[in-house]
Number of protein chains: 2
Amino acid sequence: MEVDIESKCIQKGVRLTEQRKLIAKVMSESESHPDVAELHKKVGKFDSKISIATIYRTVKLFEEAGIVSKHDFKGSKSRYEQAPEEHHDHLIDINSGEITEFVNEEIEKLQKQVAEKLGYKLVDHRLELYGSKIKK
Amino acid sequence: MEVDIESKCIQKGVRLTEQRKLIAKVMSESESHPDVAELHKKVGKFDSKISIATIYRTVKLFEEAGIVSKHDFKGSKSRYEQAPEEHHDHLIDINSGEITEFVNEEIEKLQKQVAEKLGYKLVDHRLELYGSKIKK
DNA sequence: ATAATTGCAAATGCTTTGCTTGTGA
DNA sequence: TCACAAGCAAAGCATTTGCAATTAT
């Protein structure tokens, strides 16, 4: 079970406001990877006064606190997801935009090896697969 | 040996203007992965009248013709490189911004396998490693 | 109490576009 | 010649920021 975002804020010393609680709730309940506009829209159902600037400030704050992760997939706006317990990468359906998460230890290992062979310590990486559904 | 961008334009039926020739030349001679502002600056040494809008229009045109590739590395502007004969990925030095190209067939193969296992045909991918130099 | 946060609108930074003039095939 | 390209400035879009009013601790 994932610890909810609100708990993580407390744990990280992030001050909780009504707006932040609401954004946290909406993000926790998103099964997808919403962008700022989508978050603003969803949050707006509960608090129509909330400003888009607050959404921007909050996702940035959460990201800097390690509570959410930001992704910039090809050809779309920044998307956010609750920071996962263990790392995963993404496969994006080029037709529907649907996002599937996956983990592949073998690739992870090879990436580290490649970096080391080139004289680098691997600090971060980005792996995204873009594909189209195979119809059975 | 790489065929120069100007030849590729002719080959692809892309009309050559003085500006495009100049941008092609500057890109061919860039050993790095320049962004639009850098291209504009370099090109400006030979033609100070050239507009940044022309740079934007030209890199987009070249990209759509498959002559150059565009990259959006984390935290920086779009960068361009002459489209390579054979695919490669990038390792970015998080301190200096230096970009190293690499190829790893094993990772390529695994990516395709991952996509297929998830029911997708792999159409495109993005793999970027971010690291810091190991001092010897 | 008071330092931090919000909402709003203005500003930013990169990129695109409308329009008139210039030009390559 | 004449469809297409360039230059310029204005517009677009996502994101950030300054500031006065509000709020959490």
Side-chain angles (χ1 to χ4, degrees), chain A residues 5-26 33-65 67-80 97, chain B residues 5-26 33-65 67-80 97:
Chain A
I5 297 178
E6 207 175 308
S7 313
K8 282 196 184 165
C9 286
I10 296 164
Q11 177 188 316
K12 305 253 181 181
V14 169
R15 186 182 227 170
L16 277 171
T17 63
E18 284 310 311
Q19 292 87 337
R20 289 180 185 172
K21 283 183 200 166
L22 193 49
I23 296 166
K25 175 170 126 53
V26 166
H33 297 63
D35 61 33
V36 166
E38 287 162 2
L39 284 172
H40 188 224
K41 197 173 166 191
K42 287 190 188 183
V43 156
K45 289 177 188 164
F46 304 97
D47 174 1
S48 59
K49 304 289 168 306
I50 200 162
S51 159
I52 194 137
T54 297
I55 312 284
Y56 275 107
R57 282 191 273 234
T58 302
V59 292
K60 179 179 256 189
L61 175 78
F62 285 178
E63 198 205 347
E64 285 164 353
I67 297 168
V68 313
S69 306
K70 176 185 177 180
H71 302 291
D72 291 285
F73 300 132
K74 287 190 184 187
S76 66
K77 320 177 206 162
S78 294
R79 303 187 158 278
Y80 298 84
Chain B
I5 297 179
E6 207 175 309
S7 314
K8 281 195 185 165
C9 287
I10 296 164
Q11 177 188 316
K12 305 252 182 183
V14 170
R15 185 184 233 172
L16 277 170
T17 64
E18 283 311 310
Q19 292 87 339
R20 290 179 185 173
K21 284 185 202 166
L22 193 49
I23 295 166
K25 177 170 124 54
V26 167
H33 295 64
D35 61 34
V36 165
E38 287 162 2
L39 284 172
H40 187 223
K41 197 174 166 190
K42 287 191 186 180
V43 156
K45 289 177 187 163
F46 304 97
D47 174 1
S48 58
K49 304 288 169 306
I50 200 161
S51 159
I52 194 138
T54 297
I55 313 285
Y56 276 107
R57 282 192 272 236
T58 303
V59 293
K60 179 178 258 190
L61 175 78
F62 285 179
E63 198 206 347
E64 284 165 353
I67 297 168
V68 314
S69 305
K70 176 184 179 181
H71 302 291
D72 291 285
F73 300 132
K74 286 189 183 188
S76 67
K77 318 175 208 164
S78 295
R79 303 187 158 277
Y80 298 84

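The shown structure was predicted, so the numbers you read here are calculated from the model rather than taken from an experiment. Lettering of chains follows the sequences in order, A, B, ..., and the numbering in each one begins at 1.
- Distance B:Arg15 CZ to D:dC4 C1': 5 Å, rounded to the nearest Å.
- Using a 4.5 Å heavy-atom threshold, the side chains of B:Asp72 and A:Asp72 count as separate.
- Put simply, A:Ser78 has no side-chain N or O that comes within less than 4.0 Å of OP1 or OP2 on D:dA14.
- The two residues B:Phe62 and B:Arg20 have their closest heavy-atom pair at CZ-O, 4.1 Å.
- Of the residues listed (B:Ile50, B:Val26, B:Asp35), the one engaging B:His40 in a side-chain contact (heavy atoms from CB on, under 4.5 Å) is B:Ile50, and it is the only one.
- Heavy atoms of A:Ile52 sit nowhere under 4.0 angstrom from any nucleic acid atom.
- In summary, A:Glu18 and A:Lys21 engage in a salt bridge, as defined by a charged side-chain N under 4.0 Å from a carboxylate O.
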Using nucleotides 8-12 of chain D, report all nitrogen or oxygen pairs with the protein that are shorter than 3.5 Å.
residue, atom, partner, partner atom, Å
D:dC8, N4, B:Arg57, NH2, 3.3

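- One atom, CG of A:Asp47, and another, P of D:dT22, lie 15 Å apart when rounded to the nearest Å.
- Atom NZ of B:Lys77 and atom P of D:dT15 are 17 Å apart (whole Å).
- No side-chain heavy atom of B:Lys77 sits less than 4.5 Å from a side-chain heavy atom of B:Val36.
- The shortest distance between the side-chain N/O atoms of B:Thr17 and the OP1/OP2 oxygens of D:dA6 is below 4.0 Å.
- For A:Lys74, the NZ atom counts as densely surrounded, since its 6.0 Å shell holds more than 12 non-hydrogen atoms of other residues, nucleotides or ligands.
- Closest approach of B:Val68 to B:Val59, counting heavy atoms only: CG2-O, 3.9 Å.
- Considering CD1 of A:Ile52 and NZ of A:Lys41, their distance stands at 12.0 Å, rounded to 0.5 Å.
- Scanning all heavy atoms of the two residues, the minimum distance from B:Lys70 to B:Ser78 falls at CE-OG, 3.3 Å.
- Taking the C1' atoms of five terminal pairs at each end of the helix from C:dA1-D:dT25 to C:dA25-D:dT1, the two resulting helix axes are inclined by 40°, rounded to 10°.
- Ionic pairing of B:Lys60 and B:Glu63 is not present here: no N-O contact between side-chain nitrogen and carboxylate oxygen is shorter than 4.0 angstrom.
- Between the CG atom of A:Leu39 and the P atom of D:dA14 there is a distance of 14 Å, given to the nearest Å.
- Counting to the nearest Å, the C1' atom of D:dT15 and the CZ atom of A:Arg79 are 16 Å from each other.
- In this model, the phosphate group of D:dA5 is approached by a side-chain N or O of B:Arg20 to a distance below 4.0 Å at OP1 or OP2.
- Contact record, B:Arg79 with B:His33: NH1-O, 2.6 Å, taken as the closest heavy-atom pair.
- Straight-line distance from the CD atom of B:Glu18 to the C1' atom of D:dG7: 16 Å, rounded to whole Å.
- Reading DNA chain C from its 5' end, the first and the last nucleotide to sit under 4.0 Å from a heavy atom of chain B are C:dC14 to C:dA25.
- Between the CZ atom of A:Arg15 and the OG1 atom of A:Thr17 there is a distance of 9.0 Å, given to the nearest 0.5 Å.
- In this structure, NZ of B:Lys60 is placed 14 Å from P of D:dA6, rounded to the nearest angstrom.
- The side chain of A:Tyr56 contributes no N or O atom lying less than 4.0 Å from OP1 or OP2 of D:dT16.
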